[in-house]
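Written out below as structure tokens is the structure these notes cover.
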Protein chains: 2
Amino acid sequence: MSRSTQTTRERILDAAEKLFADRGFHGVSVREIAREAGVDVALVNYHCGRKSDLFETVFLRRAETLNSERLAMLKACRDAAAPAPPALEDIIDAFTHPLLNRSAHGGPGWKRYFALVAQVNNSPELAPIGMTKYFDPLVQEFIAALREALPEAAEEDIFWSYHFLSGALTLTFAETGRIDQLSGGVCRSSDLDSVHARLVPYTAAGFRRLCQPR
Amino acid sequence: MSRSTQTTRERILDAAEKLFADRGFHGVSVREIAREAGVDVALVNYHCGRKSDLFETVFLRRAETLNSERLAMLKACRDAAAPAPPALEDIIDAFTHPLLNRSAHGGPGWKRYFALVAQVNNSPELAPIGMTKYFDPLVQEFIAALREALPEAAEEDIFWSYHFLSGALTLTFAETGRIDQLSGGVCRSSDLDSVHARLVPYTAAGFRRLCQPR
DNA sequence: GTCTATAGCTTGATAGAC
DNA sequence: GTCTATCAAGCTATAGAC
């Protein structure tokens with residue numbers, strides 16, 4: 001959608017998404033958002049309410065699309081395997097692929113959104129609100145599938161394994177460029193297809209090591 | 001060290017560490033830091049310079065202690081294995097144990113420090129400055145050791161494996177309480193000894209899966 | 001080292017004209 | 001829906017008395 005056909009509200013949300021992703025909730029002023037959107041300051045309030053509401057709107061906006069896509073993929077891999085339990089790699093793929101795929105190929109708005117998710121997930125201030133509210137119901141579905149795929153696993157091991165997956169995934173979203181620097185250019189933060197090809201086997205191996213009898 | 005025997009400068013640094021860890025660099029004002037430290041606003045500038053200098057000082061303060069401890073552990077496991085290459089699990093342990101151990105048992109200052117590291121590591125704004133400057137030289141040492149332990153690995157696979165470890169580790173530091181909520185209390189964010197017992201085998205299995213010939 | 005006082009901005013939010 | 005104008009509050013940073 002071209003810039004001129006966007007509604008004012010959408011322009012504000014896109015500008016907010018970009019700036020929040022770069023510097024976090026507190027690092028951005030409403031005035032900056034208005035400037036970035038090419039819109040008067042007063043319109044931010046008019047269309048999106050107070051700053052904290054604006055932040056929540058930005059965070060929620062893309063969550064629903066993502067989550068229904070991930071649930072559909074989970075259901076597909078369950079149905080394909082039934083009556084056997086779904087394969088571990090397929091569950092992890094359903095969890096991660098819709099995200100990494102959109103971050104890689106969905107355009108700059110999606111990319112910025114995931115960078116924002118990375119910050120929220122690691123913030124003691126924001127994670128209990130943002131992540132729990134919009135993502136945890138979905139995560140519970142995935143945990144249930146993981147239980148089926150790893151029937152001998154202890155509950156704790158499944159949850160901690162999921163936690164490690166979540167950390168690896170969200171740091172990837174942050175695209176801080178650190179791995180580029182560290183590897184001298186061998187790896188590129190933005191090359192999410194390469195990441196995905198590695199994240200699934202890496203975490204699947206971790207899950208198996210923790211969750212299967214030794 | 002009791003509160004009364006701390007220098008003013010130390011009180012300011014501790015207060016800043018706490019508040020920055022909770023709400024990030026931009027989420028905290030110098031005045032709040034002064035109030036938390038029980039000190040006049042002007043003293044913050046006098047002892048610690050401008051706000052950005054204060055942040056850097058807080059970030060740097062504990063990094064050196066940590067890094068020399070980690071290097072010593074790395075050297076120890078190398079020496080013990082020589083002339084064979086060090087064991088993968090031992091390298092990961094040298095990388096993670098000094099951190100998780102201090103976060104778990106080093107007192108509240110250390111705990112807050114690591115929560116701050118988690119936020120910086122996931123921030124496009126701060127990671128290129130903070131992490132690269134204070135942690136990457138050490139990381140290069142560990143990468144070298146990993147190369148020895150996984151002689152058949154491609155460079156990219158080692159770096160991406162390290163990246164996943166970094167994400168899993170730093171999300172753990174954030175202690176957002178999300179895993180507590182998600183697991184209905186089965187896991188506790190603050191139980192870092194449990195995490196450590198799982199993080200090492202989980203990531204070692206991931207490294208092997210990616211870095212060894214199929 | 002510590003405090004008071006203040007300069008000079010920027011902030012979030014809104015009231016009211018059009 | 002959009003804009004101008006404005007408020008009260010908070011901000012960083014420092015100068016200068018003690």
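Atoms considered below: every heavy atom in the structure, side chains included; atoms not considered: hydrogens, waters and symmetry mates. Numbered from 1 within each chain, the chains take letters A, B, ... in sequence-line order.
- A:V44 comes within 4.0 angstrom of nothing in the nucleic acid, heavy atoms only.
- For A:K51 and C:dT10, the NZ to P distance is 16 Å, given to the nearest whole Å.
- Rounding to whole angstrom units, CD of residue A:E32 and P of C:dC9 are separated by 18 Å.
- Checked options A:R62, A:E56, A:E64; the residue passing with A:Y134 is A:E56 (criterion: side chain to side chain donor-acceptor pair (under 3.5 Å)).
- Below 30°, between 30° and 60°, or above 60°: for B:Y113 and B:F59 the angle between ring planes is between 30° and 60°, a tilted geometry.
- As rounded to whole Å, 14 Å separates atom C1' of C:dT10 from atom CZ of A:R23.
- The distance between atom CZ of A:R35 and atom P of C:dG12, rounded to the nearest whole Å, is 11 Å.
- Take the nearest nucleotide of DNA chain D for A:T8 and for B:S52: the residue whose nucleotide is more 5' is A:T8.
- Distance, B:H47 NE2 to D:dT14 C1': 15 Å, rounded to whole Å.
- Summarising the geometry, the separation between CZ on A:R31 and C1' on D:dA5 is reported as 11 Å, rounded to the nearest angstrom.
- Ring planes of B:Y202 and A:Y202: perpendicular class, angle over 60° (limits at 30 and 60°).
- Per the geometry, CD1 belonging to A:I12 stands 14 Å off P belonging to C:dA13, to the nearest Å.
- Separating the NE2 atom of B:H26 from the P atom of C:dT10 is a distance of 16 Å, rounded to the nearest angstrom.
- Checking the phosphate oxygens (OP1, OP2) of D:dC11, a side-chain nitrogen or oxygen of B:S29 falls inside 4.0 Å.
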Can you check nucleotides 14-18 of chain C for protein contacts, nitrogen or oxygen pairs under 3.5 Å, and list what you find?
from	atom 1	to	atom 2	distance (Å)
C:dT14	OP2	A:N45	OD1	3.2

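- Ion pair B:R11/B:E36 not flagged as a salt bridge, since none of the NZ, NE, NH1 or NH2 atoms sits closer than 4.0 Å to an Asp/Glu carboxylate oxygen.
- Defined by atom type and a distance below 3.5 Å, a donor-acceptor pair is present between the side-chain atoms of A:D93 and A:H196.
- Salt bridge A:D136/B:R178: present, at least one basic N to carboxylate O contact under 4.0 Å.
- Between A:F95 and A:F142, the ring planes are perpendicular. Angles over 60° get that label, and only those under 30° would be called parallel.
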